[in-house]
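Residue numbers start from 1 in every chain, and the chains themselves are labelled A, B, ... in the order their sequence lines are given, proteins ahead of strands. All heavy atoms count here, side chains included; hydrogens, waters and symmetry mates do not.
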Amino acid sequence: MEDTNSLIEQRRQNLAGLNARGVNPFMNSFSPDAQCGTVRTELARWAEWNKSPEPKGEPVGLAEGARVRLAGRITAHRDMGKSQFLDLRDVSGRIQLWVQPKVLGEDAAEIFKLLDLADFIGIEGTLFITRMGEPSVKVESFTPLGKSLRPPPGKWHGLEDTEIRYRQRYLDLMANEPIREVFLKRSHILKEIRSFFHLRGYVEVETPMMQAIPGGAAAQPFKTYHNALGCEFYMRIALELYLKRLLVGGVDKVFEIGRNFRNEGLSRRHNPEFTMLEAYEAYGDYATMMETVESLIRHIALTVVGTLKIEHRNAEGEVFKTIDLSHWRRARYKDLVCEKAGDDWFIVSPEERRRRAVEDLKLSGDIAAGYQDFEVTAAVFEKLVEPTLIQPTFVTHLPKQLVPLAKISAEDPTTVEVFECCINGQEIAPGYTEQNDPIAQREALEYQAGGEQQKLDEDFLVALEHGMPPAGGIGIGIDRLCMMLLGQESIRDVILFPQLKPKV
RNA sequence: GGGUCGGUAGCUCAGCGGUAGAGCAGCGGCCUUUUAAGCCGUUGGUCCAGGGUUCAAAUCCCUGCCGACCCA
């Protein structure tokens with residue numbers, strides 16, 4: 001980061017000028033009595049009311065002539081000579097300031113000249129509407145609050161350099177309004193998830209991120225070392241095994257929202273750390289959890305986005321994809337595979353399936369030589385079916401080999417009581433009837449560990465032996481959920497600080 | 001890991017062998033209700049880094065770094 005350029009030098013000189021006049025440009029605090037965007041909205045509403053020839057009712061909120069104290073960042077400056085207009089922005093939005101040096105007085109006018117675009121200031125003044133109808137504040141006094149020593153990104157194009165946007169997200173948030181919206185809505189989504197589960201009587205918990213044995217999923221973990229204990233730990237790859245311990249302990253409805261870490265590739269859909277929701281409900285099953293997922297996502301869409309029809313737009317602002325959350329399809333895994341691979345897919349021999357997958361369906365790159373038969377079918381599902389599941393779909397009756405830790409379905413013993421909820425061409429939420437038989441669970445985990453005894457979470461198995469109630473469970477990838485709901489095609493646009501290679 | 005594209009002023013970009021450019025921002029003027037304000041003037045560069053080719057390289061070649069997208 002180059003520290004010497006003329007723009008920075010000018011700002012440092014203005015800073016020195018403020019200091020020379022005994023003005024502290026970095027105040028400890030300021031007490032605004034309103035927010036910029038809120039004031040602008042209310043004053044605009046008043047203007048609308050006032051303009052009507054026969055105003056109905058009484059105006060609510062702020063009106064012309066009201067005094068306000070506001071604080072924010074200066075984001076625009078229009079110099080009219082004896083009269084200047086600034087935009088002041090806080091988290092709620094922006095409002096226009098009208099500054100006349102003669103109103104401020106000579107000293108304050110001198111100090112005003114030393115302000116720069118992007119400085120934080122506090123102001124006090126009265127509300128009025130300009131000739132052009134813009135809600136504004138006539139500034140009577142101001143206080144520098146936090147000087148900016150670097151030039152902000154441009155006002156026209158905002159900030160488009162993706163690398164700077166991700167590495168210096170504060171600049172992205174400063175310059176790009178839609179990005180700010182995405183992250184404010186992400187916060188709102190998290191809030192609605194919590195209130196949804198609390199309303200249903202769930203308990204929110206926090207479980208260890210550092211684990212001696214990383215369990216609950218098949219993924220490469222990150223490794224770390226604890227000096228005082230003198231042993232290695234892994235960053236968790238899933239929340240599951242600790243939440244199930246809590247079912248054993250008697251917390252019947254439990255959920256956690258937290259970070260998982262997977263030491264794998266980065267892509268538009270993968271960040272090494274990502275946010276997961278897992279929820280478990282005693283005495284429920286996978287059907288209970290299907291209802292839960294559907295209700296939850298409908299609730300979030302309505303409260304945060306305001307609609308069940310989610311539109312995704314391209315750079316030109318045209319809608320290229322609409323996700324309709326008012327209809328949730330349920331389909332069997334086998335049926336979906338047959339739709340893409342032929343009705344006789346499960347009738348022909350395994351050798352023929354492999355040949356068709358490689359030759360007819362052109363999946364040679366996705367099918368390793370050592371793949372078992374069910375993995376060949378899984379490749380068809382993952383590559384040809386899942387990306388087409390744009391509309392919400394619960395995929396059910398998954399083959400038991402695919403999900404070895406799940407409970408066998410009573411109606412079809414070749415399948416398990418598991419669903420994968422796919423929306424937007426991605427798996428958003430898997431759900432299970434959870435295994436509560438400690439003997440079956442031990443066998444499955446031993447098989448999965450492939451004889452490596454040190455990978456067995458013995459304490460988890462002991463917990464199950466103490467008795468776990470039957471339960472339904474779900475996991476929801478929060479980042480992918482946000483992508484779907486907020487119309488973002490890259491996970492980096494819903495994670496504030498996505499992982500990038502450090503710059504040396 | 002492979003391929004494609006990109007990295008030039010604070011921002012957005014043009015230039016693609018022959019003096020380093022534009023718009024905006026900034027700075028100096030003019031303008032007492034402007035809003036992508038306007039008008040006049042003006043400052044600002046390790047052209048990602050390193051090597052090579054050439055009389056001459058931002059430009060062509062090689063290597064590296066970082067990023068985006070596609071594929072694995």
Please report the distance separating the P of B:rG21 from the corresponding atom of B:rA58, rounded so that it comes out in whole Å. 13 Å

Among B:rU12, B:rC69, B:rG26, the one nearest A:R268 by side-chain distance: B:rC69

Are any of the side-chain nitrogens in A:R355 or A:D360 under 4.0 Å away from the carboxylate oxygens of its partner? yes

Pairwise distance CZ(A:F346) to CG(A:D335) - rounded to 0.5 angstrom: 8.5 Å

Separation of B:rA25 P from A:L115 CG (nearest whole Å): 18 Å

Give one of base, sugar-phosphate or nothing for A:L159, where a contact means two heavy atoms less than 4.0 Å apart. sugar-phosphate

From B:rC27, B:rC24, B:rU35, nucleotide with atom closest to A:Q10 side chain: B:rC27

Checking contacts here: which listed nucleotide (B:rG67, B:rU35, B:rC27) is nearest the side-chain heavy atoms of A:Q96? B:rU35

A:R11 side chain N/O closer than 4.0 Å to the phosphate oxygens (OP1, OP2) of B:rG10? no

With the six-membered base ring of B:rC24 as reference, does the ring of A:W156 sit under 5.5 Å away with planes under 30° apart? no

Which of B:rA68, B:rG26, B:rU32 is nearest the side chain of A:T162? It is B:rA68

d(CG, A:L266; C1', B:rA68) in whole Å: 13 Å

Using Watson-Crick or G-U wobble geometry with both distances below 3.5 Å, tell me the partner of B:rU19, or none. none

In Watson-Crick or G-U wobble terms, with both distances under 3.5 Å, the base opposite B:rG26 is B:rU42

Could you tell me which nucleotide pairs with B:rG1 by Watson-Crick or G-U wobble geometry, both distances under 3.5 Å, or answer none if nothing does? B:rC71

Rounded P spacing from B:rC27 to B:rG10 in Å: 15 Å

Nearest to the side chain of A:T130, heavy atoms from C-beta on, is which of B:rC27, B:rU33, B:rU32? B:rU33

State which of B:rA68, B:rC11, B:rG26 makes the closest approach to the side chain of A:L500. B:rA68

Per the ring-ring contact (aromatic ring centres under 6.0 Å, His included) rule, which among A:F374, A:Y333, A:W345 passes with A:F381? A:Y333

Between B:rA14 (C1') and A:H157 (NE2): distance, integer Å: 12 Å

Could you check whether A:F128 gets within reach of a base, just the sugar-phosphate, or nothing at all, counting any heavy atom under 4.0 Å? base

Scanning all shown strands, the Watson-Crick or wobble mate of B:rG6 with both distances under 3.5 Å is B:rC66

Any heavy-atom pair between the side chains of A:H77 and A:D79 that's under 4.5 Å? yes

B:rC65 and B:rG50, which share atom name P, separated by this distance in whole Å: 15 Å

Name the nucleic acid region contacted by A:D161, choosing base, sugar-phosphate or nothing; use a 4.0 angstrom heavy-atom cut-off, strictly under. sugar-phosphate

Using Watson-Crick or G-U wobble geometry with both distances below 3.5 Å, tell me the partner of B:rU32, or none. none

Among B:rU34, B:rU33, B:rG67, the one nearest any side-chain atom of A:W98 is B:rU33

Across the strands shown, which category fits A:G81 at heavy-atom distances under 4.0 angstrom: base, sugar-phosphate, nothing? base

Is A:R492 touching bases, backbone alone, or none of the nucleic acid, heavy atoms closer than 4.0 Å? sugar-phosphate

As a test of reading the structure: which of B:rC69, B:rU34, B:rA68 is closest to the side chain of A:Y166, going by heavy atoms? B:rA68

Could you check whether A:L171 gets within reach of a base, just the sugar-phosphate, or nothing at all, counting any heavy atom under 4.0 Å? nothing

RNA chain B: A:E163 or A:S490, which has the more 5' nearest nucleotide? A:E163

Rounded interatomic separation in angstrom, taking CG from A:L7 and P from B:rG28: 13 Å

Both distances under 3.5 Å, Watson-Crick or G-U wobble: report the partner of B:rU59, or none. none

Can you tell me the distance, in whole Å, between the CG atom of A:N176 and the P atom of B:rU12? 9 Å

A:E9 and A:R12 ion-paired at < 4.0 Å: no

Side-chain ion pair, A:E427 and A:R480, N-O less than 4.0 Å: no

Rounded to whole Å, how long is the line connecting atom OH of A:Y371 with atom C1' of B:rA72? 11 Å

Looking across every strand, which nucleic acid part, if any, lies under 4.0 Å from A:Q100 by heavy atom: base, sugar-phosphate, or nothing? base

Any A:R78 side-chain N or O less than 4.0 Å from OP1/OP2 of B:rG38: no

Is the closest basic N to carboxylate O distance between A:E48 and A:K51 below 4.0 Å? yes

Distance between the P atoms of B:rU12 and B:rU8, in whole angstroms? 9 Å

Using a 4.0 Å heavy-atom cut-off across all strands, classify A:G158 as base, sugar-phosphate, or nothing. sugar-phosphate

Where the side chain of A:D116 is concerned, which of B:rU34, B:rC27, B:rC69 is the nearest nucleotide? B:rC27

Looking at A:R150, I'd like to know whether one of its side-chain N or O atoms comes within less than 4.0 Å of OP1 or OP2 on B:rG10. no

Does A:F30 have A:R69 sitting over its ring (NZ/CZ under 6.0 Å from centre, angle to axis within 45°)? yes

Closest nucleotide among B:rC69, B:rC11, B:rC13 to the A:E160 side chain: B:rC13

